[in-house]
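Take a look at the structure set out below.
For ligands, and for the atoms within them, numbers begin at 1 and follow the listed sequence.
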Amino acid sequence: MDQLRDQVAIITGGGRGIGRAIARAFAEEGAHVAIFDRAFPDDFPAFVESLKALGRNVVAKAVDITNTPATETACDEVVKELGRIDILVNNAGITRDKLMIRMSDDEWDAVLTVNLKGAFITTRAASRIMMRQRKGKIVNVSSVVGLMGNVGQSNYAASKAGLIGLTKSAAKELAARNICVNAIAPGFVETEMTAVLSEDQRAAFLNVIPLRRGCKPEEVAGVVVFLASPRADYITGQVVAIDGGMTM
Ligand code: NAD
C-alpha cells in the first residue's frame with residue numbers, strides 16, 4: 001500500500017479521534033505527517049513512535065489553528081523540517097451543543113472560530129506554499145450536520161455548511177495551480193466527540209442510518225487517503241458523504 005508515498009501531509013486536530021486515524025492511514029500509505037493540535041493526550045508520544053516505526057518522518061506541533069501567526073509559523077516549520085506541503089486535512093473541530101434560543105454569543109463564536117475560521121487560516125497558510133509548488137490536495141472535514149442541520153447544533157451546522165462554501169470557493173481559486181480541494185461529510189463516527197452522547201441520542205442517530213451502525217474512524221480515513229492521492233487528481237470542489245446512507 002503506497003498511495004501517498006513520500007507525500008508530506010498536515011493533519012489538524014490529529015491528536016486523537018478521526019484526525020489520529022487519518023494520520024495513521026496516511027503513514028501506512030507512505031506519507032510523512034505533521035500533526036497540529038492544541039493539546040496532545042498522554043498516549044500521543046507512543047502513537048508518534050508507532051508511525052515512525054513505519055519509516056515515516058513525523059512532527060507534532062502544539063498549535064491552536066485559530067491563532068494566525070502560530071499557524072503560519074507551524075506551516076513554515078513543516079516546510080523546513082519535511083521539505084514541502086503536499087496535503088492539508090482540516091480536521092480540527094469542536095462542538096458546543098445547545099438549543100438556539102439558549103445559545104450564548106460565546107458558544108456560537110467558539111464553534112465558528114475553530115471549525116470555520118480555523119480552516120480558513122490553515123488553508124490560507126498552506127495554500128500559499130502549495131501554490132508555489134503548483135501541486136496540492138486539501139480535504140476539509142465537514143459533517144452531515146452541515147448538509148441537514150440538527151437540533152441543538154445551529155452553531156456546528158452553520159460552521160460545517162460554511163466549510164462546504166469555503167471548500168468550493170477555494171477549489172475554484174486554486175484549481176489553476178493544480179490544487180484540489182474537497183470536503184467529506186461524515187455521519188455518526190465512534191470517537192471521543194460522540195462518546196458524550198446519551199443512549200437516546202445514539203439511538204436516534206442509529207435509527208436514521210440505513211447501515212444501522214456507527215462509522216469507524218478508519219472508514220473515514222480511507223476516503224481521505226483516496227481524496228489526497230493521485231487517484232483523485234480530477235476531483236475537486238466535491239462533498240463526499242461517509243454516513244452509512246443517512247443523507248441519500
Ligand atoms: P475529537 O474531539 O475526538 O478530536 C478533535 C481534535 O481537534 C482534538 O484532538 C482537539 O484537541 C483538536 N482541536 C480542537 N480545537 C482545536 C484548535 N483550535 N486547534 C487545534 N486543534 C484543535 O473529534 P472527532 O470526532 O475526531 O472529530 C474530528 C472532526 O470530524 C471534527 O471536525 C468533527 O466536527 C468532524 N466530525 C466528527 C463526527 C463524529 O461523529 N465524531 C462526525 C462528522 C464530522
Side-chain angles (χ1 to χ4, degrees), residues 10-25 34-44 47-48 60-75 88-97 109-123 125-126 138-150 153 155-164 166-167 183-197 201-202 204-206 208-209 211 213-221 223-224 239-244 246-247:
I10 293 174
I11 299 132
T12 71
R16 67 178 205 181
I18 294 170
R20 189 187 281 211
I22 293 169
R24 172 169 294 289
I35 298 170
F36 290 6
D37 208 305
R38 62 180 174 185
F40 294 105
D42 290 346
D43 66 346
F44 187 73
F47 171 69
V48 169
K61 306 272 174 205
V63 54
D64 182 332
I65 50 134
T66 67
N67 180 326
T68 299
T71 304
E72 292 182 346
T73 300
C75 287
L88 166 66
V89 183
N90 283 309
N91 165 80
I94 61 168
T95 53
R96 294 284 184 277
D97 296 354
D109 288 345
V111 171
L112 268 290
T113 303
V114 174
N115 297 8
L116 185 54
K117 189 176 178 189
F120 158 69
I121 290 169
T122 315
T123 299
I138 300 173
V139 182
N140 293 324
V141 182
S142 180
S143 166
V144 290
V145 172
L147 300 170
M148 303 165 73
N150 199 21
Q153 292 198 303
N155 50 0
Y156 185 77
S159 73
K160 294 299 186 179
L163 197 49
I164 292 172
L166 172 64
T167 300
I184 57 166
F188 182 79
V189 188
E190 305 279 3
T191 67
E192 287 95 331
M193 186 183 261
T194 49
V196 298
L197 297 179
Q201 287 172 310
R202 291 178 66 82
F205 262 117
L206 293 178
V208 293
I209 300 171
L211 286 179
R213 65 174 179 85
C215 180
K216 300 185 195 103
E218 298 73 34
E219 292 175 305
V220 176
V223 179
V224 180
V239 184
V240 181
I242 311 166
D243 63 1
M246 200 196 302
T247 55

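Pairs of residues two or more places apart, or lying in two chains, that qualify as side-chain hydrogen bond (donor to acceptor under 3.5 Å, both in side chains) and include a residue from residues 12-24 are R20-D43, R24-S50. Listed by first and then second residue, the salt bridge (charged side-chain N to carboxylate O under 4.0 Å, His left out) pairs that reach into residues 62-73 are E72-R128, sequence neighbours excluded.
Between the side chains of D109 and T113, no donor-acceptor pair of N or O atoms lies under 3.5 Å.
You'll find the side chain of T95 reaches within 4.5 Å of the side chain of M193, heavy atoms only.
Residue-level contacts of ligand 1 at the 4.0 Å heavy-atom threshold are G13, R16, G17, I18, D37, R38, V63, D64, I65, N91, A92, G93, I94, V114, V141, S142, S143, Y156, K160, P186, G187, F188, V189, T191, E192, M193, T194.
Taking K117 as the reference, nothing meets the side-chain hydrogen bond (donor to acceptor under 3.5 Å, both in side chains) condition, with sequence neighbours excluded.
Heavy-atom minimum distance, A221 versus A21: CB-O, 3.6 Å.
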